[in-house]
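Shown next, in structure tokens, is the structure this report addresses.
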Amino acid sequence: MTHSNLNLESRCIHGGQHPEPTTGAVMPPIFTSSTFVQESPGVHKGFEYSRSHNATRFAFERCVANLESSGLSEADDRTCGGFAFASGLAAIGTALELLDHGAPLVCMDDVYGGTFRLLTRVRVRSAGLHPTYLDLTDPSRLEAHLAKHKAGMVWVETPTNPTLKVVDLAAIAAICKRHGAISVCDNTFATPMLQRPLEMGFDMVMHSATKYLGGHSDVVGGALVTNRTDLAEKLRFLQNAIGSVMGPFDAYLALRGAKTLAVRMRRHCDSGMQIAQWLATHPKVEKVIYPGLPSHPQHAIAAKQMQLDGKPAFGGMITILLKGGLAESRRFLENVHLFALAESLGGVESLIEHPAIMTHASVPAESRQQLGILDNLVRLSVGIEHPDDLIRDLAHGLSKA
Ligand SMILES: Cc1ncc(COP(=O)(O)O)c(C=O)c1O
């Protein structure tokens, strides 16, 4: 049974899962063995060595493939469309290995700082990649670029980290198809509960499973999902050849987290909207960036492509610009207590951070300025605590800003 006909809530729990065959264990055991016995050379039960085959990792890979509607066979782990890695960046690094040395690619201009760092400071040197950064909130920019230049891959993040720009996924997918570029969407912020890139025509989805998929800030991991058999075959080869796989303990935790994704995302979305609306009325806040507010420049696209139960839903990430500069940001961040001042996002607990100094320090100052990652910009990851408590905490912090 593939479970692909179930609602997403049920797929979080059952998608690609089946009881462990030896004992009937309902939850997949953590298979720690690095190697597996063979009856005769080359005669075995489908498991040789744990980098290549691990049943706990396969269980998470089938779950995430199912959630992103990969559609490739779940019956054989080797042809399943999901791949799990040691981190989100390990997933990105492996995806980039689909490109040949020297390949040109297009990347959304505002992406997670680590994605930008990997491309510009590592792969330009080691693989000769030629990234062009474009603001893809206007898809005609991509069309105009691809009319003149080749690109092996187009890398999109939406909503982006940290300025929450929203990209029209269906439009970008159609342009990539016309020009023969592999389209990849980093779906970390929206999760498959809200946004379904493969169903909108994308070739691949990437996740930092460290964030909403894991959901509890207790595991670092990454995932890739594809619905193309040719890409799945290449990714399975690259995953094993490069070897930055997700370990069995992490796969167990990530799968355990994914089972509650649906209920968590409902709360993240409800509280995110409530807190964004409250912040928009606060005298010390110059601007609130949240795709759910009509003031967001791509609100209409967000409402169309980010949905839960057929209704627009915008997630738990909010970015604000405070009135003032670094001193005001510091005072605010030092005086919130329920929101932990920490990097990362997407956990049950609320987190808050200063991208210019923390997550996006690797983006050159000039690019940060252009993108609007300024000293008064603060990013919030709204957790699932009671929203009234979170608002009280923010009010206290802002009173000191
Ligand atoms: C949108 C996005 N993509 C990718 C990553 C990288 O994931 P990881 O930290 O799991 O390597 C992050 C990390 O913050 C992220 O926010």
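Counting convention: from 1, in listed order, for ligands and their atoms alike.
Considering only non-hydrogen protein atoms, atom 10 (O) of ligand 1 sits nearest to T210 OG1, 2.6 Å. The single protein non-hydrogen atom nearest to atom 15 (C) of ligand 1 is Y112 CG, 3.6 Å, given as residue, atom name and distance. At the top of the distance list for atom 16 (O) of ligand 1, counting protein heavy atoms only, stands N161 ND2, 3.0 Å.
For ligand 1, the polar-atom distance check against D186 finds a nitrogen or oxygen pair separated by under 3.5 Å. Ligand 1 has a nitrogen or oxygen under 3.5 angstrom from a nitrogen or oxygen of G88. Considering backbone and side-chain N/O of L89, one or more are found under 3.5 Å from N/O of ligand 1.
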Dump the intermediate steps for salt bridge (charged side-chain N to carboxylate O under 4.0 Å, His left out) on R228 and D230, then the final yes or no.
CA-CA 5 Å; R228 276 177 50 179; D230 59 333; 2.7 Å; yes

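For T23, the side chain to side chain donor-acceptor pair (under 3.5 Å) partners two or more places apart in sequence, or in a different chain, are E20. With sequence neighbours excluded, the residues that form a side chain to side chain donor-acceptor pair (under 3.5 Å) with E353 are T359, R379.
Taking the six-membered ring where tryptophan is involved, the planes of F47 and F36 are tilted, since the angle between them lies from 30° to 60°. Ring geometry for Y133 against F116 counts as tilted: the plane angle lies between 30° and 60°, on a 0 to 90° scale.
Using a 4.0 Å heavy-atom cutoff, K211 is listed among the residues neighbouring ligand 1. Using a 4.0 Å heavy-atom cutoff, G221 is listed among the residues neighbouring ligand 1.
Donor-acceptor pairing under 3.5 Å is recorded for the side chains of E349 and S217.
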